[in-house]
Amino acid sequence: MSRTIKHLLIGGLIIMTMGVSAATTANENDRELTIVNPQNLYDPTPNGYSTAVIMPRNARIAYISGQGGQDGMGALSPDFAVQVKQAYANLRTALDGIGAKPDQVAKLTVFVVDHDMSKLEVLTKNVKEMFGEALPAQTLVPVPKLAIDPMLFEVEAVVVLD
């Protein structure tokens, strides 16, 4: 790892922890995710995500593979909004399959084909509908294409099971 990247990572961790009071640090007996949005950083909640999420100590973690907008038959709508809505429905089904609820999702990574600012409203609406106030940490990655050419959106998740 380059020296520059190490400095950026360490700097990011310092910035994230500077605004975290002792009261917001997860303790050993806590089984819930702790959402942290430091006051000295931009508030990301209107955009459908949180700055950081602390997982409970000794928690079991599940990783949900990328869920696209395919319906139960594998068909994909050509409409971005339809694919996003279906992808989040598929994510909920995957959560149900492992016995988890949306408030157990700590981190999302979303992949958007040909991302532009007009797609943010669709993304924010869907994530807020699914997660309400318990907004996970989230990263959006613009990509030129996904695994299947008609795919326009994919979401993967990191989930705390207990």
Side-chain angles (χ1 to χ4, degrees), residues 5 8-9 12-13 15-16 19 24 26 30-39 41-56 59-162:
I5 292 173
L8 288 171
L9 290 173
L13 290 173
I15 289 169
M16 285 176 54
T24 61
D30 189 0
R31 288 295 177 209
E32 293 183 11
L33 299 174
T34 302
I35 294 172
V36 179
N37 289 307
Q39 291 181 357
L41 291 178
Y42 166 79
D43 179 11
T45 55
N47 297 318
Y49 68 98
S50 295
T51 300
V53 176
I54 301 172
M55 293 189 187
R60 285 187 322 130
I61 307 298
Y63 297 88
I64 297 180
S65 296
Q67 299 299 305
Q70 298 94 332
D71 65 18
M73 302 301 290
L76 281 161
S77 168
D79 183 81
F80 177 75
V82 172
Q83 283 196 31
V84 172
K85 185 175 184 74
Q86 183 63 53
Y88 278 103
N90 294 346
L91 177 58
R92 186 175 291 271
T93 300
L95 288 170
D96 291 345
I98 61 172
K101 302 209 177 318
D103 67 355
Q104 292 173 263
V105 174
K107 171 76 166 74
L108 295 174
T109 303
V110 299
F111 303 91
V112 179
V113 172
D114 298 327
H115 174 65
D116 63 50
M117 297 304 284
S118 69
K119 295 179 179 176
L120 288 178
E121 185 177 339
V122 171
L123 297 171
T124 301
K125 175 182 178 251
N126 280 274
V127 79
K128 284 184 169 185
E129 284 177 4
M130 182 163 179
F131 295 99
E133 296 293 314
L135 295 169
Q138 183 174 183
T139 301
L140 185 154
V141 182
V143 296
K145 65 186 278 185
L146 290 163
I148 303 168
D149 282 335
M151 282 181 71
L152 303 173
F153 178 79
E154 190 170 13
V155 56
E156 63 182 32
V158 178
V159 184
V160 174
L161 295 178
D162 51 35

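Each residue takes its place number in the sequence, starting with 1.
- Pairing each heavy atom of Asp114 with each of Pro144, the nearest pair is OD1-O, 4.2 Å.
- Considering all non-hydrogen atoms of both residues, Pro136 and Ala106 come closest at CB-O, 3.5 Å.
- In summary, Lys125 and Glu129 engage in a salt bridge, as defined by a charged side-chain N under 4.0 Å from a carboxylate O.
- In plain terms, the two heavy atoms of Val105 and Ala157 that are nearest each other are CG1-CB, 4.1 Å.
- Val53 pairs in a side chain to side chain contact (heavy atoms under 4.5 Å, CB included) with only one of the listed residues (Thr34, Val36, Val160, Leu33), which is Leu33.
- Note on residues 91-128: no pairs pass ring-ring contact (aromatic ring centres under 6.0 Å, His included), not counting sequence neighbours.
- When the salt bridge (charged side-chain N to carboxylate O under 4.0 Å, His left out) test is applied to Asp116, no partner is found at least two apart in sequence or on another chain.
- In this structure, Glu32 CD and Ile54 CD1 are separated by 13.0 Å, a value rounded to the nearest 0.5 Å.
- Residue pairs meeting the side-chain hydrogen bond (donor to acceptor under 3.5 Å, both in side chains) criterion with at least one member in residues 61-70: none, sequence neighbours excluded.
- Every residue meeting the side chain to side chain donor-acceptor pair (under 3.5 Å) condition with Thr109, not counting sequence neighbours, appears here in chain and number order: Lys107.
- Taken to the nearest 0.5 Å, the CG atom of Leu91 stands 5.0 Å off from the CD1 atom of Ile64.
- In this structure, Glu133 CD and Ile35 CD1 are separated by 8.5 Å, a value rounded to the nearest 0.5 Å.
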- [ ] Quick one: do Val110 and Val127 satisfy side chain to side chain contact (heavy atoms under 4.5 Å, CB included)? Show the steps, please.
- [x] CA-CA 11 Å; Val110 299; Val127 79; over 6 Å; no
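- Residues satisfying the side-chain contact (heavy atoms from CB on, under 4.5 Å) test with Val122, not counting sequence neighbours, are Phe80, Ala81, Val84, Asn126.
- Sorted by first and then second residue, the side-chain hydrogen bond (donor to acceptor under 3.5 Å, both in side chains) pairs involving residues 92-105 (not counting sequence neighbours) form an empty list.
- Side chain to side chain, Asn37 and Thr51 meet the donor-acceptor criterion of an N or O pair below 3.5 Å.
- Residues Ala62 and Ile98 approach most closely at CB-CD1, 3.8 Å, considering heavy atoms.
- Residues Ala100 and Val159 approach most closely at CB-CG1, 3.8 Å, considering heavy atoms.
- Taking the ring pair (Phe, Tyr, Trp, His ring centres under 6.0 Å) definition, one finds that Tyr88 meets it with Phe153, sequence neighbours left out.
- Glu156 is linked by a salt bridge (charged side-chain N to carboxylate O under 4.0 Å, His left out) to nothing, counting only residues two or more places apart in sequence or in another chain.
- Residues forming a salt bridge (charged side-chain N to carboxylate O under 4.0 Å, His left out) with Lys145 (at least two apart in sequence, or on another chain): Asp149.
- Distance check, rounded to the nearest 0.5 Å: CG of Leu120 to CG of Asn47 gives 7.0 Å.
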Task: CA sep, side-chain torsions, deciding dist, call: Met151, Leu76, side chain to side chain contact (heavy atoms under 4.5 Å, CB included) - done: CA-CA 7 Å; Met151 282 181 71; Leu76 281 161; 3.6 Å; yes
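- Annotation: the span from Met130 atom CE to Leu108 atom CG amounts to 8.0 Å, rounded to 0.5 Å.
- The ring-ring contact (aromatic ring centres under 6.0 Å, His included) analysis of residues 124-148, with sequence neighbours excluded, yields no pairs.
- The list of side-chain hydrogen bond (donor to acceptor under 3.5 Å, both in side chains) pairs with a residue in residues 71-87, not counting sequence neighbours, reads Gln86-Asn90.
- Shown here are the salt bridge (charged side-chain N to carboxylate O under 4.0 Å, His left out) partners of Lys128, two or more places apart in sequence or in another chain: there are none.
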